[in-house]
Amino acid sequence: MQRIGVFVCWCGSNIAGTVDVKAVAEALKNEPGVVHSANYQYMCSQAGQELIKDAIKEHKLTGIVVCSCSPRMHEGTFRKTAEAAGLNPYMVEIANIREQCSWIHKDIAEGTEKAIVLGRTAIAKVNLNAPLMAGESPVTKRALVIGGGIAGIQTALDIADAGFEVDIVETKPTIGGKMAQLDKTFPTLDCAACILTPKMVDVAQHEKIKIYSYSEVVDVRGFVGNFEVTIKKRARFVKEDICTGCGLCTEKCPQKKVPNEFNLGMDNRRAIYIPFAQAVPKVATIDPNYCTMLKTGKCGVCAKVCTANAIDYTQKDEFIDQKYGAIVAATGFNPISMEKFDEFAYSQSKDVITSLEFERLMNAAGPTAGKLVRPSDGKHPQKIVFVQCVGSRCAACAEKGKEYCSKICCMYTAKHAMLTRDKYPDTDVTVFYIDVRTPGKNFDEFYRRAAEEYGVHYIKGMVGKISPEGDKLMVRASDLLANKQINMEADLVVLAAAIEPDKSARPLATMLTASMDTNDFFTEAHPKLRPVESPTAGVFLSGCCQGPKDIPETVSQAGAAAAKVIGLLAKDKLKGNPCVAHSDEMMCNGCSSCEKVCPYGAITYEDKEFRGPNRTTLIRRIAKVNEAICQGCGCCTVACPSGAMDLKGFASKQIMAEVDAICK
Amino acid sequence: MNNINEALIPAVCEIVAIRQDTPDVKTFRVLTPDGKKPFIHKPGQCAMLSMPGVGEALFSITSSPTNKEYIEFSIKKCGCVTEWLHAAEVGQQITVRGPYGNGFPVETEFKGKDMLFIAGGIGLAPVRSVINYVRDNRANYGKVDIVYGSRSKDDLVFFEEIINEWKNDPTVNVHLTIDREQEGWDGHVGFVPSYVKELGFDSNKTAVLCGPPIMIKFTLQGLAELGFSNEQVFTTLELRMKCGIGKCGRCNVGSKYVCKDGPVFRMDQLEELPDEY
Amino acid sequence: MQKINREVLINKANELLSNGTINRVFGWEKGDFSYDVTPTIYFTADQMNKKFIFDDFCGANFSKYLVAETKKDQNKVGVFLKPCDTYSFNQLLTEHRFDKEKVYAIGVPCDGMVDEKKIKAFFGEGISSITSEGDEIIVDTLYDGVKKVKKADVLQERCQNCKSKKHVYYDELIGEDGEVLDSNRFDEVEKLEKMTADERFAFWQNELSKCIRCNACRDVCPACTCEKCVFNNPNSGVENKSPANEFEEKMFHIIRAFHVAGRCTDCGECSRVCPQGIPLHLLNRKFIKDINSFYGNYQAGEQEGSRAPLTNYTKEDLEPSEAVNKGDN
Amino acid sequence: MRKCLLQNQNKLFDQISSFASLYIPVETTGGNASFKKYEQGMVMSDVLKTDRSPKDLFFPQTENLMEFKTSGKNIEVIDNRKESEDFVVFGVRGCDVKSFEVLDRVFLVEPVDTYYATRREHGIIVSMACGRPAETCFCQTFGIDASAPEGDIVCYKTEDALYLDAKTEKGKNLLSKLADVTEESDGKEALKQKEQIKTVLAKLPLANLKADSFGKDKTKEFFDAPEWQILSKSCLGCGTCTFVCPTCQCYDIKDFKTKDGVQRFRCWDSCMYSEFTKMSAGQPRLTQLERFRQRFMHKLVYYPTNNDGLFSCVGCGRCISKCPISMNIVKVMKALGGIDNE
Amino acid sequence: MQVNEFKPKIVAFCCNWCSYAGADLAGSNRLAYPAEVKVIRVPCSCRVNPMFILRAFQRGADGVIICGCHPGDCHYTSGNYYTRRRMALLFSMLDYLGIEKGRTRVEWVSAAEGAKFAQTMNDFVQTVTALGENKRLEDLRCKK
């Protein structure tokens, strides 16, 4: 029988507001096993924790129940408290009387009654708890960063600088990501390439960093500290280690009509190409969809001109297995497709473009060498209309847009407007917005400069329709402040498309067993306290895969993720989760049901000798759980018909005791 | 107290004292809530103790009937009822029914005899009841020898009582032994059966034997070598029981019910039973 | 076709015993009446000559005995297996319950086993002998003289709805192998499904209330080979020994059916042995039927090593809510 | 002797059930019957062997013994049995009637099992002579006469009437309350039936089975018999034989945690179960052989040893028809007695 | 008139990673649902043994709901796929036995779906309330 202490937290008025905490403490006093019951304003505070520690010692407690906020919040805290007082941390149970009680109920009687039941349930469980000891597993001192944009680059550099090996896997032929496509950055207007490319070079030259470009992760096995990852290195038909990146082949290749994705299809590249001048790694890649040689076997120009003999048409996809201790997802974002936004005539007129396309048009390395011209006729646009929130904050049109705010559009549109007016003062620039959101250092000043110093017309209003009329675009919008309809002619319309997580994130999340929200952004372990960790141990989040961010935020989050990774890799051993499956060999049938459902392959079998009746020996096949591999899902416990398999910390008897306590 | 007509319905009693005898043996002193002895028993008898919801189990009464104040149970931790009892505190109520079984023939076959008590480990629990009965009715019995052994010094139950009372009783010879050498132990070291042979008792004694099966087996051989006949040796059996009154069938061995016809058997009676105990 | 009678089987067993292939063989033993055949083990042909029987009442399936028997020594055990027995045999192999190297399986044909309870339902108690002649069963009674009945009418339920006459495992086959059959075994399940929930509840309430928890269904079941059943294990939290009330009757039978779901070969033993005549096979068949319709046809035991539906999944599986509504027509 | 025309049978039942609970065998499914509490219109089945014996009505499969309430360290014991009322069990066959003697010698010896005793006190048994004994019947082996069963009232059923003969005070008392649905009779018809039954009994296949070689003090003779090995070979260790047996009386006592207390109940147990004798210290009957042997030794040797030679089997034959693998006491007796079939 | 409003007892098994977090989110967002719902935290919905569900009904629950991550999003990769199969078969069996099908439910609720959690619970409580007390899988001993 346990000696249980119950500690009811007020959480200020968060709990005490709707739950009579004293009544709860009083009621739980008489539950079986309870020898001490107390309540306090903030159990998680230093003083609250001291209270618990003292009670553990004074009342010789063998188990404690804290009625407080969600265990997802403070279970760890109270386990540490218990441990500090000499109690096994797994003798702690939390009754969630805040998130699942006081916050959702208004009636004090009702809230109090439920809190008592929840407390009783936790007590029933603790009565059957047993001290658990965590097993240990080694840590592979190498990190994997998936995604080579600014987020991945920064994370990789920070980890590598701390002395750990890092691999970057990037699907594109070069790292750099979206930032490489940008012209200038807000609010300082420094040149994106000027600040990014040195970092790319740092990555390329860092002895601890290895880049797998033109590659993807296809399988992830294992667990924190011991991931095993299969990377598919796609054939680029160019020997990466030999190619000097001289670019001769990309000039001689006869296949010239390949849409250049780096410039968002606004110009062409060759079938063999280097995405841009500062690409890292700076090696050529053959696009098998367009290469005549690969498609028909007739051509071979690039091979002929290559002085380094780097061309290899027979190259195959390569699969590399590598072990890692930690994985960082940095898969980034994309603007959403504008196809569904027909009212803005994106597909009807070449002169309706997205902001990212505008970014390329303004870029000196872009398709127009930085000259702002209309894609349709190459003429300088006199009147430009920017439309904000295209697909963002789109609660009413969820089927084509996103409910969330894409966060960066207000600022880059201000930047675009400003840059346009700066370079081409004769251009008339109008911005249609719903709200202008500028919460960031120097952001509002930046926006005001655009509106006030640069004479950008900001109109609060929705654009209803854009239709090509002759070589002009007719913009129909409403001016919400003036409360009138506006019909406006424009030469160029720029749509601030919402951003969404990269499509590769969803399958990756499945492989990582990391959870995602409804928008396919990775979920963080805690939105406030653990924003760069995924709930899956050993998986960290960097950049826009977790949610829309601008560059400074991305870089700081990348650094934070790196710090977490470094913290993990710095350990030689990891304490495992002791809540793992365990098979009672006396009851095990050796039927393999558990093995079949185990997602981690943590169960193996062995033939073991048992004493049979009358001094005989029986050999039986029995299951063994590898505790370092088991993650404690408990699937095997239900697959096991004999009940030999149970889960420590969530034992059948414990759960049934909880059921009993609730239903009482 | 216990209405014999309601054999299965227990009385509520209270644990009034708990003594930790060895790391896994505790002795519980039990009285009715109004402070009386729950029942009058014979040495060697048992009683059913239970905690509702945990279970009921049969334990031998370790105190002597001559103790007019209380009854005691010495209980080794093994199984759920005993585990629960070991976690219980003074003041805890439990239910008690009994006494059950035949007990030792202290007033008949033992009377006037030289007694040899041999026990191993927790096996001393039922024997203690007879030893103290004999000590309290000293005139009715001849010489008394006690051989008691355990794994280690720490596993000797009633150690205080043995040292302070039995050893100081000039009419009783106490022979203690432990299985292996241990610091702070200057007594005999070795297993009980060989110690019994070493001590070489007269075969005119009546022996009471209780302990683990392996000890009983070899001690019996030893006693036989010393010239004891089966009619001179008594032992007490422990089987899984539920009702305690010879009805539920669990403790049925041959035509005997251990709870009713036992638990005390003379070795020659036991020999008659099928080997299923 | 060679007539398979007891002599053929005794000769086969004798041959295997004397050439050392096996040192004992599971076979049927005749009883005091025509129908009380007991499964037993024979060590010599002589014993077999005295007691072995192979007739319409040899329903007992030896597969489950092999779990314990094969662990006893290193010798091979012989066993006669009817087609449906081989499914149980295979399923046990799939679950690694014994080593097939220690068994010599002799496949024997089966044209259906007779249910003496059905005969008694026709003619009452007082049956002195039962013999079969072609497709007729001749019953000699104490009170009403000799009676005849069509064998098809008094076959065991499982034989009336025989799913397969094909042996899915054997070391040696005696006679010719049959085919997997199209049976109507789900008809009764469908009938129940078509009832209203109230009717179904009443039906099962009535049936399960007969249960005396003798565990015969479980102990005879070739899928129930657990070292220790959860219902016998005080630590499982669901141990219960008696059908203390309606709930516990349901609990036992639901959980038992669930534990064998996907592993049950539909051998029908549970219903055959139930002393209270509860149609337990209708629970197992419901699971089989659901599995077939939700996840595609699956016959437990058909293939050694096949993955049971409950230890498998597809990403497109139907939702529990759909499953419940599917059964509702 | 009183006579009740079959057409008035239900009136008789209605009459009885007006002052006492009445249990009669009622057909469940083809050829099966069980004792059920009589409700108007129910038809008494002629099926010889109810699925469960009437033992249930005196020693139910589960029975609450008492309840406990606990609070803090305190316990309260509550015996919430109510005053018992009289009940009548109608149509108990000779073998089953005899089983009560077997049970009485267990439950009614000191210390008396009051739960059973109360029911025995309040239960009135109307036995029924077996018009058509089954091939599996062997009550004669144990000296039971199916043509003249014991009971508070003995009943003979002929083509057209029930003949009721009170044997005890309880029986007479009951019969006296049934005067308006019965008429006085000389009982010739009953006697005729009795004779007829006797001739049938002599022809039964197991008519010559003898239990003479078993009984008191034969433990040594049979305990180590080699036959147990093969007899127990196929035993599944289920409890069917035990639970359908009218004389098996082993039970278990268990606690059930209710909403706010503990219910202590007893339920039938079986010596065939592997857990029966298991204890934390070990298991004295390790294999099914020992458990199998215990059941039959108890019926044929141990019980008679303690009970003046009375066997703890009444030859009802339920185990013969219910055992999943058709092993039964007859086969055991024959094997141990050295009788081979053919 | 005395209105004796029936308040069902609901046991909700929630997986630790998605649904329990979803329940927490519902709390953080102060999205109310009836107090009759009590949550038991399990590591994964696949930890829920059919025995627990029956046990809940035995002990007096009127409805049992199991919440897990959306299929494909299981923290343990595949746990909820097994849950889906197990519960599909179990619920179908309960229905076959004549147990009201509204008393059991499986719902996929992600950590981000606080609103869905609250709404699911509201809806489930409503369904079970309409069904009334659980009579078909009750154990009277647990009610007194």
Side-chain angles (χ1 to χ4, degrees), chain C residues 26 29-33 35-41 47 50-51 57 60 62 64-65 68-69 116-129 141-143 206 210 212-220 228 232-234 239-245 248 269 272-277, chain D residues 28-32 34 46-49 51-52 56 61-62 64 132-137 200 203-206 209 230-231 233-234 236-244 252 254 256 263 265-270 273-275 318 320-328 330-331 334 340-342:
Chain C
F26 276 106
E29 179 184 339
K30 69 180 163 200
D32 297 315
F33 309 101
Y35 50 78
D36 60 336
V37 173
T38 301
T40 191
I41 199 158
Q47 291 169 340
K50 265 195 209 157
K51 294 177 168 170
F57 294 96
F62 303 109
K64 188 175 180 175
Y65 291 116
E69 195 63 31
E116 89 274 6
K117 289 186 201 106
K118 284 191 177 165
I119 295 180
K120 287 185 178 179
F122 271 110
F123 308 120
E125 292 274 4
I127 287 163
S128 9
S129 79
T141 68
L142 281 176
Y143 302 106
N206 175 48
K210 298 175 191 164
I212 55 172
R213 272 306 297 284
C214 61
N215 296 318
C217 50
R218 178 191 77 190
D219 293 343
V220 79
K228 191 173 193 77
N232 282 6
N233 182 358
E239 181 210 22
N240 68 34
K241 210 168 228 173
S242 68
N245 57 23
E248 293 203 339
E269 282 285 275
R272 179 184 72 81
V273 302
C274 179
Q276 299 294 102
Chain D
T28 49
T29 46
N32 293 310
S34 59
D46 284 329
V47 168
L48 204 60
K49 294 163 195 183
D51 282 340
R52 289 195 260 181
D56 288 35
Q61 181 159 17
T62 47
N64 288 331
R132 291 173 72 149
E135 76 277 11
T136 51
C137 290
V200 180
K203 287 193 292 190
L204 290 182
L206 299 177
L209 182 69
I230 200 78
L231 285 169
K233 179 83 222 171
S234 49
L236 299 171
C238 74
T240 307
C241 52
T242 330
F243 290 176
V244 300
D252 196 358
K254 300 185 94 57
F256 182 87
Q263 205 168 63
F265 67 102
R266 74 162 156 207
C267 58
W268 295 352
D269 206 342
S270 172
Y273 288 165
S274 57
E275 284 79 16
R318 282 187 181 84
I320 298 180
S321 47
K322 300 292 188 191
C323 175
I325 50 106
S326 296
M327 180 45 65
N328 53 59
V330 171
K331 287 185 179 175
K334 284 187 173 176
D340 257 348
N341 280 328
E342 280 138 80

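Naming convention: chains lettered A, B, ... in sequence-line order (proteins, then strands); numbering from 1 in each chain.
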Basic-acidic side-chain contact under 4.0 Å: Lys228(C), Glu275(D): yes
Tell me, do Tyr65(C) and Ile325(D) make a side-chain contact under 4.5 Å, heavy atoms counted? yes
Lys331(D) bridged to Glu29(C) by N-O distance under 4.0 Å: no
Which of the residues Ser34(D), Cys137(D), Ser274(D), Pro133(D) is involved in the greatest number of heavy-atom pairs with chain C at under 4.5 angstrom? Pro133(D)
Less than 4.5 Å apart, any side-chain heavy atom of Trp268(D) and any of Ser242(C)? no
Basic-acidic side-chain contact under 4.0 Å: Asp51(D), Lys210(C): no
Below 4.5 Å, heavy atoms only, C-beta onward: do Phe62(C) and Ser234(D) meet side chain to side chain? no
Do the side chain of Thr240(D) and the main chain of Cys214(C) share a donor and acceptor less than 3.5 angstrom apart? no
Hey, are the side chains of Asn240(C) and Phe256(D) touching, using non-hydrogen atoms and a 4.5 Å cut-off? no
Give me the atom names and distance for the closest heavy-atom approach of Tyr273(D) to Asn215(C). OH-ND2, 3.2 Å
Using heavy-atom distances under 4.5 Å, tell me whether Leu206(D) contacts chain C through its side chain, its backbone, both, or neither. side chain
I'd like to know which of Lys118(C), Glu125(C), Glu269(C) tops the heavy-atom pair count under 4.5 Å against chain D. Glu125(C)
Backbone N or O of Ser128(C) within a donor-acceptor pair of the Glu135(D) side chain at under 3.5 Å? no
Under a 4.5 Å cut-off applied to non-hydrogen side-chain atoms, are Pro275(C) and Phe243(D) in contact? no
Val200(D) versus chain C, the contacting section by heavy-atom distance below 4.5 Å: side chain
Taking every heavy atom of Val244(D) against every heavy atom of Ile212(C), the minimum-distance pair comes out as CG1-CD1, 4.2 Å
